[in-house]
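Have a look at the structure below before the remarks.
Order of the sequence lines fixes the chain letters, A, B, ..., with proteins taken first and strands second; residue numbering starts at 1 for each chain.
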Protein chains: 2
Amino acid sequence: MEFLDHYQETVAKAIEKYTFKNKPAELYEPMNYIISHGGKRLRPIMVLMANDLFGGNTEKAIKPALAIEYFHNFTLIHDDIMDEAPLRRNKPTIHTIHGINIGILSGDALLIKAYQFFEDLEPELFKKCVKIFSETGAVLCEGQQMDVNFETDNNVTYDDYIQMITNKTGVLSAASFKIGALIAGASDQDAEALYNFGKHIGIAFQIMDDYLDVYGDMEQFGKRQAGDIYENKKTVLYLLALEQATEEERAELKYWYSKKIDNVDKVHSVINIFRRTKIDEKVLRLIQKHNEIGQDYLNKINLPEEKKRPFIELANYLLRRES
Amino acid sequence: MEFLDHYQETVAKAIEKYTFKNKPAELYEPMNYIISHGGKRLRPIMVLMANDLFGGNTEKAIKPALAIEYFHNFTLIHDDIMDEAPLRRNKPTIHTIHGINIGILSGDALLIKAYQFFEDLEPELFKKCVKIFSETGAVLCEGQQMDVNFETDNNVTYDDYIQMITNKTGVLSAASFKIGALIAGASDQDAEALYNFGKHIGIAFQIMDDYLDVYGDMEQFGKRQAGDIYENKKTVLYLLALEQATEEERAELKYWYSKKIDNVDKVHSVINIFRRTKIDEKVLRLIQKHNEIGQDYLNKINLPEEKKRPFIELANYLLRRES
């Protein structure tokens with residue numbers, strides 16, 4: 001994706017430029033460490049793409065774009081503590097190197113720094129963006145807690161699940177687009193349309209994640225095939241299967257998901273039920289549905305198709321990955 | 001302090017009114033739990049006092065006042081995890097009841113909710129207040145990390161220490177006063193004067209804390225006499241003594257502070273050096289100095305003495321405590 005490269009370079013340069021030089025280094029170095037490790041920078045790129053779509057100035061949007069990236073990295077630092085994750089992007093996590101205390105505190109400081117990166121905006125726009133930012137942050141925390149609750153809640157429904165992934169992922173892509181649009185001076189209506197485009201693409205992306213866990217090319221994916229099944233994760237596949245299955249199959253599914261066993265029989269049995277209930281096709285249709293809802297929102301924006309093409313390319317890039 | 005009672009009641013009512021009813025409860029209940037446990041509510045009271053001083057409307061200042069209280073409680077939740085503290089205000093800490101993960105996440109959410117409590121302000125004022133709020137939050141994180149660094153840094157100076165307590169405590173009182181003043185429409189100059197009043201009273205208060213650890217009435221204080229000496233804490237007493245002591249005394253002080261021993265001899269020896277270097281008098285003079293600097297800033301505000309009296313009463317209340 002050539003246009004992504006261009007944006008990635010812009011973001012990388014800005015991250016370099018705004019490297020934290022504050023003291024004490026024990027607090028700020030871990031922040032620089034996680035931010036410099038990269039990732040695809042999708043969220044700040046979404047800010048810049050939306051800003052470009054409405055003819056905005058990159059200079060004005062770049063610090064808010066970094067705010068979103070900082071926010072994302074703040075969640076990673078704290079999530080890694082909560083998940084006791086030793087590695088992130090193949091590097092040791094902050095709490096692994098510096099301990100939990102520095103992990104908590106540098107995450108906190110990074111969230112606050114993120115807020116400060118909106119401060120170059122004029123008051124009206126500052127308030128609009130910061131409101132979206134806070135709302136998104138609160139909803140993300142809620143999604144994170146819902147995800148934790150689902151581990152021990154045996155009554156999770158498919159709708160609950162969609163709500164959770166919307167909160168955990170959808171709203172941040174959505175907010176990134178909306179903030180970029182508003183900074184460029186887009187109307188509230190257009191900004192909202194782009195918000196909903198981002199939300200549904202985000203949902204589709206998360207569902208694809210569940211799909212690929214079972215049906216993806218694991219070698220490319222770098223994960224264990226059907227890891228979610230081994231871990232009894234209530235994915236969209238499992239929840240849809242529960243709804244579609246016969247009484248007997250439902251009992252079988254619940255039986256396997258009540259066992260903490262590392263057993264190939266389990267995976268085969270579960271995937272068999274997925275096949276009988278045609279979960280793979282249904283989930284692909286679901287991804288397609290959210291993609292289409294997203295495109296419909298994009299169509300509401302009254303701009304030449306040519307200008308909107310990068311958004312469709314981005315959606316395709318996110319949803320057509322092999323793994 | 002009768003006028004404090006009145007403000008405390010206002011804050012208590014507001015806290016009750018704005019109890020979080022959001023879902024999931026697992027995230028929001030711990031927030032309500034810590035906020036409802038009280039404490040003196042000094043920081044939101046400072047917002048309201050400053051707002052009253054400049055003839056502001058309490059209705060307008062109350063949610064920002066709660067924002068400061070939420071922020072304070074966010075720091076308490078995370079600090080308690082970092083300190084592995086089992087109790088706070090005689091109740092089990094959040095991470096003790098719900099685990100570290102809920103502690104981290106509900107702290108994060110409370111910080112974000114704090115930001116949202118400024119959203120009723122008009123854009124200009126919103127931006128001013130949120131900028132102060134973020135700056136204060138960042139400085140507080142820095143102060144917290146400095147405090148941690150000091151534990152293992154043997155070259156801490158008295159000046160470093162004053163910087164650390166300014167960051168950790170002074171700026172939050174200062175910001176509380178300034179935000180209250182700005183909401184009431186005070187000039188930037190007056191708001192800044194009140195900021196500096198709050199900062200120096202905060203510094204004086206923290207120094208008093210160190211003083212009382214050794215010279216306070218411990219029964220009333222509910223702490224172990226000279227606990228800071230047992231724990232080798234580099235308090236203002238220790239750092240001033242190091243500067244004032246003879247070569248021999250300095251060596252003795254360093255000797256005792258290099259030992260992790262629970263030894264009455266140690267405490268006697270250290271207190272003896274404190275007496276010989278007249279640290280008690282010097283520290284009391286230092287408290288008095290910061291109190292006076294604070295009063296000088298208060299005097300710069302061109303309002304009748306009568307209206308400023310509560311601020312002097314508050315300073316006296318904070319600094320004349322027996323323990």
Shortest non-hydrogen separation from [X] to [Y] and the atoms involved:
| X | Y | result |
| --- | --- | --- |
| B:I179 | B:P64 | CG2-CB, 4.4 Å |
| B:L87 | B:P92 | CD2-N, 3.8 Å |
| A:A67 | A:F118 | CB-CE1, 3.5 Å |
| A:G103 | A:I77 | O-CG2, 3.2 Å |

I'd like a table of all donor-acceptor pairs linking chain B to chain A (distance under 3.5 Å, no angle check), giving the atom names and the distance to one decimal.
from	atom 1	to	atom 2	distance (Å)
B:E26	OE1	A:N149	ND2	3.0
B:Y28	OH	A:E142	OE2	2.5
B:H78	ND1	A:D108	OD1	3.1
B:H78	ND1	A:D108	OD2	2.7
B:M82	O	A:N101	ND2	3.0
B:N101	ND2	A:M82	O	3.0
B:D108	OD1	A:H78	ND1	3.1
B:D108	OD2	A:H78	ND1	2.7
B:Q116	NE2	A:E135	OE1	3.4
B:E119	O	A:K127	NZ	2.8
B:L121	O	A:K127	NZ	2.6
B:K127	NZ	A:E119	O	2.8
B:K127	NZ	A:L121	O	2.6
B:E135	OE1	A:Q116	NE2	3.4
B:E142	OE2	A:Y28	OH	2.5
B:N149	ND2	A:E26	OE1	2.9

Among A:L27, A:I102, A:V148, who wins on heavy-atom pairs under 4.5 Å with chain B?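 Answer, by heavy-atom pair count under 4.5 Å with chain B: A:L27.
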
B:F71 and B:L111, any side-chain heavy atoms less than 4.5 Å apart: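 Yes; the side chains approach each other to less than 4.5 Å.
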
Engaged part of B:L121 at the chain A interface, taking heavy atoms whose separation is under 4.5 Å: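 Backbone only.
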
Heavy-atom cut-off 4.5 Å, strictly under: side chain, backbone, both or neither for B:F133 against chain A?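 No part of B:F133 comes within 4.5 Å of chain A.
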
Set of side chain to side chain contact (heavy atoms under 4.5 Å, CB included) partners for A:I207, sequence neighbours left out: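 A:I207: side chain to side chain contact (heavy atoms under 4.5 Å, CB included) contacts with A:I162, A:I165, A:I203, A:V236, A:V283, A:L286, A:I287, A:H290.
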
Of all residues at least two apart in sequence or in a different chain, which pass the side chain to side chain contact (heavy atoms under 4.5 Å, CB included) check with B:A181?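 Expected list: B:A50, B:F54, B:A186, B:A191, B:L194.
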
Engaged part of A:F74 at the chain B interface, taking heavy atoms whose separation is under 4.5 Å: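 Side chain of A:F74 only, per the 4.5 Å heavy-atom cut-off to chain B.
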
Mind checking ring pair (Phe, Tyr, Trp, His ring centres under 6.0 Å) for B:F126 and listing every partner two or more places apart, or none if nothing turns up?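 So B:F126 forms a ring pair (Phe, Tyr, Trp, His ring centres under 6.0 Å) with A:F126.
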
